[in-house]
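To start, the structure itself, in structure tokens.
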Amino acid sequence: MVGAMPVNVIPKFCNGAMDTHNGGDDLDTQVFVGSRIKCNEDFGTVKYIGEVQGYKGVWYGVEWDNAERGKHDGCVEDIQYFKTTKPGAGSFIRPNKISPFKTCAEAIRRYYGDREDESVAAHRRTVINEWKREMGAPFIEMVGFEKIHQKQKFDRLQDVCVHDLNVSRAGDVAELCPNIQSLDISCNLFSNWREVIQLSAQLPHLVDLDLSKNRMAIDMPEDTLKQLSIHFNHLEKLNLSVCDYEWSDILALSHLWPNITELVAAYNRIKRIIPPENTLQNLTTLRLDGNPIESWYEVINLGWLSLKVLSLNDCVISEIRFNDQPGSKVDVLENLEVLFLNRNKISDWRSLSELNKLKSLKKLYFLKNPIQATEDYDTGSQLIIAKIGTLQELNGSIITRELRRGAEYDYMKRYGAEWKLARNDPAKMAAFDIEHSRFGELVDKYGIPDDSLLVKQPKSTTLTSQLLEVTLTDEKGKSIKKKFPATMAVQKLVTLVQRLFAKGNTGELSLHLIDEQMDGAEITLDNVMKDLAFFSIKSGDTILVRFR
């Protein structure tokens with residue numbers, strides 16, 4: 001029998017088998033409403049402890065992190081025992097079903113105490129046996145040797161990981177391994193910040209702390225958090241990913257970390273961002289990937305932090321706007337050098353022009369946004385490079401001087417005709433400047449492109465008739481056939497050739513048309529701003545690639 005139930009009948013509110021699980025004798029004293037627990041591979045929060053009508057014994061009412069694990073909302077047979085924040089995320093389990101808790105000290109001792117290399121252990125046994133033989137006393141036991149060795153081993157630990165080991169409390173870590181600098185206690189069972197503060201208070205050298213995939217209640221006022229910040233004075237890096245926090249929670253907790261420089265708060269519930277006032281002032285790296293941030297104006301609220309790296313991958317940002325004058329630099333995010341915007345919902349090229357307003361942006365990661373589906377990867381990359389003048393690296397690739405020059409010149413060719421038409425109409429020119437904020441700067445840099453370069457291909461021609469088939473060959477005998485449009489700039493051909501032939505070749509690249517009608521005479525393609533048609537290149541021609 002299980003309470004009032006017949007044998008082999010599991011109640012509908014129960015989630016999981018009824019067999020016994022090995023747990024500590026003092027399990028009930030460790031679990032309270034709000035405790036984090038683990039059952040099999042599922043994590044949850046205890047919302048109720050007590051009897052359930054019609055069933056004997058104590059039950060835990062649990063809200064599961066994965067709502068699919070649940071059976072109800074905390075209501076059984078019209079009695080509301082607890083309430084869940086997500087529909088259907090609750091169920092009841094017996095106390096003996098949850099995994100036993102550990103302290104952080106116990107987890108470290110178990111995990112690192114059994115990881116000694118066997119060869120080291122064998123060597124130690126050999127040394128002990130040699131001592132016994134030398135002393136002529138094989139019966140002597142080296143009683144303290146093991147403990148001394150273990151103590152020395154734990155003392156040397158600086159980087160410690162006890163990921164997913166059912167840790168719920170600190171324990172006596174100071175006695176075991178006080179020299180920890182980097183601690184990973186992610187995916188454990190901490191239910192509040194008091195235990196985390198106790199843990200940090202024992203580790204005076206702690207610099208890097210990973211608390212991701214814990215759900216810790218904030219149950220202390222701001223003044224108390226400020227007083228307890230002395231226990232995090234040396235902390236520089238903190239990971240709070242998948243902790244179910246909003247930005248207001250991060251700000252409330254930030255009083256604990258006065259000197260933090262890197263914060264990861266990915267895959268939380270951050271949607272609105274309140275400007276920090278007196279905290280996070282030393283922060284240089286912030287990662288908010290996977291949060292439901294929709295508006296760029298929320299990001300601007302971070303603008304007066306001294307951020308150098310900002311990661312916003314996998315958010316839901318649809319456009320970027322600063323609402324400043326076209327072409328002018330903005331006073332927010334002045335120190336930002338690296339920006340991640342992969343897999344957002346940005347669907348207009350103007351957003352890339354807006355990023356040119358950032359004063360210090362050097363590296364941009366921009367992949368799998370809807371706007372990129374309108375162009376092939378190379379063309380899209382050229383547009384980004386041309387639109388953002390400070391970029392030095394795009395999606396991990398270095399932007400060389402030649403690549404930038406080619407991208408900017410192609411950009412001018414593409415939009416030059418539109419620019420010329422807009423010059424005599426102030427309204428059209430204002431709209432053009434908003435969309436292409438760098439175009440005037442490029443005209444000053446390169447001059448006005450020739451009208452011949454701005455002529456579009458006749459609509460009646462087929463794609464095949466527009467292409468020239470050319471053989472590219474180098475002095476080592478490598479030969480590649482490619483098709484190019486006659487209107488393609490030489491600079492773009494230089495960029496392509498660098499990718500195809502650069503391996504194993506050094507020096508400055510130059511291209512030479514082999515004129516078969518002049519007995520193989522070479523015509524140097526020395527004006528990279530001209531297109532292939534300018535040099536009378538036709539299908540079947542050979543272009544020699546040289547590196548000097």
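Values reported hereafter were calculated over all heavy atoms of this structure, with side chains retained and with hydrogens, waters and symmetry mates removed.
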Residue pair [X] / [Y], side-chain heavy-atom distance below 4.5 Å:
| X | Y | answer |
| --- | --- | --- |
| Trp296 | Ile346 | no |
| Asn66 | Phe43 | no |
| Ile180 | Phe154 | no |
| Leu228 | Met220 | yes |
| Val330 | Leu358 | yes |
| Leu211 | Ile185 | yes |

As a quick check of understanding, evaluate side chain to side chain donor-acceptor pair (under 3.5 Å) for Lys308 and Thr284, giving each step before the final call. CA-CA 5 Å; Lys308 290 186 177 181; Thr284 58; over 6 Å; no
Just do the salt bridge (charged side-chain N to carboxylate O under 4.0 Å, His left out) check on Lys271 and Glu294 with the steps written out, would you? CA-CA 7 Å; Lys271 187 173 184 179; Glu294 298 177 0; 3.6 Å; yes
Here's a test for you: under side chain to side chain contact (heavy atoms under 4.5 Å, CB included), which of Asn268, Ile273, Leu263 qualifies with Leu288? Ile273
Mark yes or no for whether [X], through its side chain, and [Y], through its backbone, hold a donor-acceptor pair below 3.5 Å.
| X | Y | value |
| --- | --- | --- |
| Asp73 | Gly88 | yes |
| Gln372 | Gly380 | no |
| Gln198 | Arg194 | no |

I need the Ser306 OG to Asn335 CG distance, nearest 0.5 Å. 5.5 Å
Centres of the Phe92 and Phe82 rings: under 6.0 Å? yes
List in chain and number order the residues that pass side-chain hydrogen bond (donor to acceptor under 3.5 Å, both in side chains) with Tyr267, two or more places apart in sequence or in another chain; answer none if no residue qualifies.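 So Tyr267 forms a side-chain hydrogen bond (donor to acceptor under 3.5 Å, both in side chains) with Asp314.
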Looking at [X], I'd like to know if its [atom1] atom is crowded, meaning that more than 12 non-hydrogen atoms belonging to other residues, nucleotides or ligands lie closer than 6.0 Å.
| X | atom1 | result |
| --- | --- | --- |
| Lys363 | NZ | no |
| His205 | NE2 | yes |
| Lys237 | NZ | no |
| Lys213 | NZ | no |

For Phe340, is the NZ or CZ atom of Arg287 found under 6.0 angstrom from the centre of its six-membered ring and inside 45 degrees of the ring axis?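 Yes, Arg287 and Phe340 form such a contact.
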Any cation-pi pair here, Arg321 with Tyr297, using under 6.0 Å and within 45°?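 Geometry flag: not set, cation outside 6.0 Å or 45°.
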With no hydrogens and no angle check, just 3.5 Å: does a side-chain donor-acceptor pair link Asp289 and Ser311? yes
Check whether the side chains of Lys345 and Ser318 place a donor and an acceptor atom closer than 3.5 Å, and report yes or no.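 Checked: Lys345/Ser318 side chains show no N/O donor-acceptor pair below 3.5 Å.
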Take His255 and Thr279, measure what side chain to side chain donor-acceptor pair (under 3.5 Å) needs, and give me the verdict at the end. CA-CA 6 Å; His255 296 283; Thr279 60; 5.5 Å; no
Set out, in order, the CA-CA distance, both residues' side-chain angles and the distance that settles side chain to side chain contact (heavy atoms under 4.5 Å, CB included) for Asn291 and Trp247, then state yes or no. CA-CA 10 Å; Asn291 282 287; Trp247 183 252; over 6 Å; no
Which of these, Lys329, Lys359, Lys357, sits in a salt bridge (charged side-chain N to carboxylate O under 4.0 Å, His left out) with Glu334?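 Single pass found, and it is Lys359.
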For Glu393 and Tyr365, run side chain to side chain donor-acceptor pair (under 3.5 Å): C-alpha distance rounded to whole Å, both residues' side-chain angles, the deciding distance at 0.1 Å, then the answer. CA-CA 9 Å; Glu393 189 175 304; Tyr365 292 80; 3.2 Å; yes
